[in-house]
Amino acid sequence: MAGSTRTGATPGPARAGAVSGAMRTGVGHGRTREPEPDATDPADAEAGDTARRGSPQRRDAWATRARILRAATLEFARHGFGGARGDRIARRARSSERMVYYYYGSKEGLFRAVLEAAYDTLGVAEQALVLDDKPPREALAHFCRFVWRWYADHPEFIGVLTAENQLQARHLRRSSRLDMLVAPVVRMLASLLARGLRDGAFRPGLDPSDLYVSIAGLGYFRVSNRYTLSAVLGRDLADPLELERHWRTCEDMVLRYVDARIQSGR
């Protein structure tokens with residue numbers, strides 16, 4: 001954050017909505033708040049649909065929160081937690097800093113909401129994958145390609161996670177939904193591995209969490225280090241042909257890792 005940061009500061013009535021520059025941290029600003037039109041998270045698709053079907057006030061509130069969340073995602077991805085500024089978020093969201101704090105309470109609350117929404121969006125897309133209609137090896141390859149494509153198409157996701165890793169997951173650990181952010185996709189992989197084991201395609205002893213971390217790492221590292229890698233390797237890692245070549249290599253590595261024949265030496 002640029003300039004000084006006041007923790008838990010309580011602006012007087014004359015300053016409500018007038019704080020610019022560095023975002024305030026802490027929760028509870030000591031002001032009386034009017035009833036919030038809609039307290040649902042924009043990342044919650046069902047709640048968002050309900051809000052959009054409600055009164056004009058509720059629809060406007062949902063749209064404002066969604067714009068703030070999208071703007072904050074870009075801000076945190078580009079500038080990290082410390083460098084994020086409330087005035088830039090408000091400007092990009094076509095709103096005001098007062099509304100940013102009205103809906104999310106503090107910089108920490110907003111960043112946690114961004115993290116949860118980022119995982120939610122990926123999780124919803126992952127759970128929409130249809131894998132049961134494919135043979136195990138083909139299904140795993142399809143899952144890998146999806147994850148890697150998602151990272152390549154959503155560099156802001158990588159930026160937000162990088163910012164939180166620098167803070168040692170300080171905000172994510174405080175999420176009331178921590179256990180649900182990745183658990184569903186790990187269960188999906190566990191089911192796929194069990195099916196592959198029954199079919200004789202996958203070797204025994206594979207841990208779905210370890211496999212998920214490995215698959216994610218193959219996509220994450222390329223995106224998070226795309227600029228330095230492109231510079232030192234002398235090739236554009238964002239080029240579609242380079243991406244396809246890389247994904248074929250990674251797919252081969254993953255499939256060899258799980259393959260029952262290779263691991264058994266046949």
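Along the sequence shown, residues carry numbers from 1.
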Six-ring centre of Tyr257, Arg203 cation under 6.0 angstrom, axis tolerance 45°
yes
Is the cationic atom of Arg65 (NZ for Lys, CZ for Arg) positioned less than 6.0 Å from the six-membered ring centroid of Tyr104 and within 45 degrees of its normal?
yes
Under 3.5 Å, is there a donor-acceptor pair between the side chain of [X] and the main chain of [Y]?
| X | Y | result |
| --- | --- | --- |
| Glu116 | Arg177 | no |
| Asn165 | Leu161 | yes |
| Glu75 | Arg85 | yes |

Would you name the heavy atoms of [X] and [Y] that are closest together and state the gap between them?
| X | Y | answer |
| --- | --- | --- |
| Met188 | Glu126 | CE-O, 3.1 Å |
| Ala139 | Arg195 | CB-NH2, 3.9 Å |
| Gly200 | Ala260 | O-CB, 3.6 Å |
| Thr64 | Ser95 | CG2-OG, 3.9 Å |
| Asp207 | Asp210 | OD1-N, 2.8 Å |
| Leu69 | Ala117 | CD2-CB, 3.6 Å |

Answer yes if [X] and [Y] sit in the same cluster of Ile, Leu, Val, Met, Phe, Trp and Tyr residues linked by side chain heavy atoms under 4.5 Å apart, and no otherwise.
| X | Y | answer |
| --- | --- | --- |
| Phe157 | Val213 | no |
| Met253 | Leu237 | no |
| Tyr220 | Tyr119 | yes |
| Leu211 | Val186 | yes |
| Tyr151 | Leu229 | no |

Give the ring-plane orientation class for [X] versus [Y], where under 30° counts as parallel, over 60° as perpendicular and anything between as tilted.
| X | Y | value |
| --- | --- | --- |
| Phe81 | His171 | tilted |
| Tyr212 | Phe143 | tilted |
| Phe146 | Trp150 | tilted |

Does any non-hydrogen side-chain atom of [Y] lie less than 4.5 Å from one of [X]?
| X | Y | answer |
| --- | --- | --- |
| His142 | Glu138 | no |
| Lys107 | Val100 | no |
| Asp132 | Leu192 | no |
| Leu243 | Arg222 | yes |
| Leu189 | Leu140 | yes |
| His154 | Thr121 | no |
| Arg145 | Glu251 | yes |
| Val185 | Val147 | no |

From [atom1] ([X]) to [atom2] ([Y]), nearest 0.5 Å:
| X | Y | atom1 | atom2 | result |
| --- | --- | --- | --- | --- |
| Glu242 | Trp247 | CD | CH2 | 12.0 Å |
| Phe221 | Arg226 | CZ | CZ | 12.5 Å |
| Arg70 | Glu156 | CZ | CD | 12.0 Å |
| Leu233 | Arg235 | CG | CZ | 5.5 Å |
| Met180 | Ser175 | CE | OG | 11.0 Å |
| Arg78 | Thr73 | CZ | OG1 | 11.0 Å |

I'd like to know whether Ile89 forms a side chain to side chain contact (heavy atoms under 4.5 Å, CB included) with Leu74, so could you lay out the CA-CA distance, the side-chain angles of the two residues, the decisive distance to 0.1 Å, and finally the verdict.
CA-CA 8 Å; Ile89 292 173; Leu74 292 175; over 6 Å; no
Salt-bridge test for Arg248 and Asp252: reply yes if a basic N is under 4.0 Å from a carboxylate O, no otherwise.
no
Please determine whether the number of non-hydrogen atoms from other residues, nucleotides or ligands lying under 6.0 Å from atom CZ of Arg173 exceeds 12.
no
For Phe76 and Leu110, run side chain to side chain contact (heavy atoms under 4.5 Å, CB included): C-alpha distance rounded to whole Å, both residues' side-chain angles, the deciding distance at 0.1 Å, then the answer.
CA-CA 10 Å; Phe76 286 122; Leu110 178 58; 4.0 Å; yes
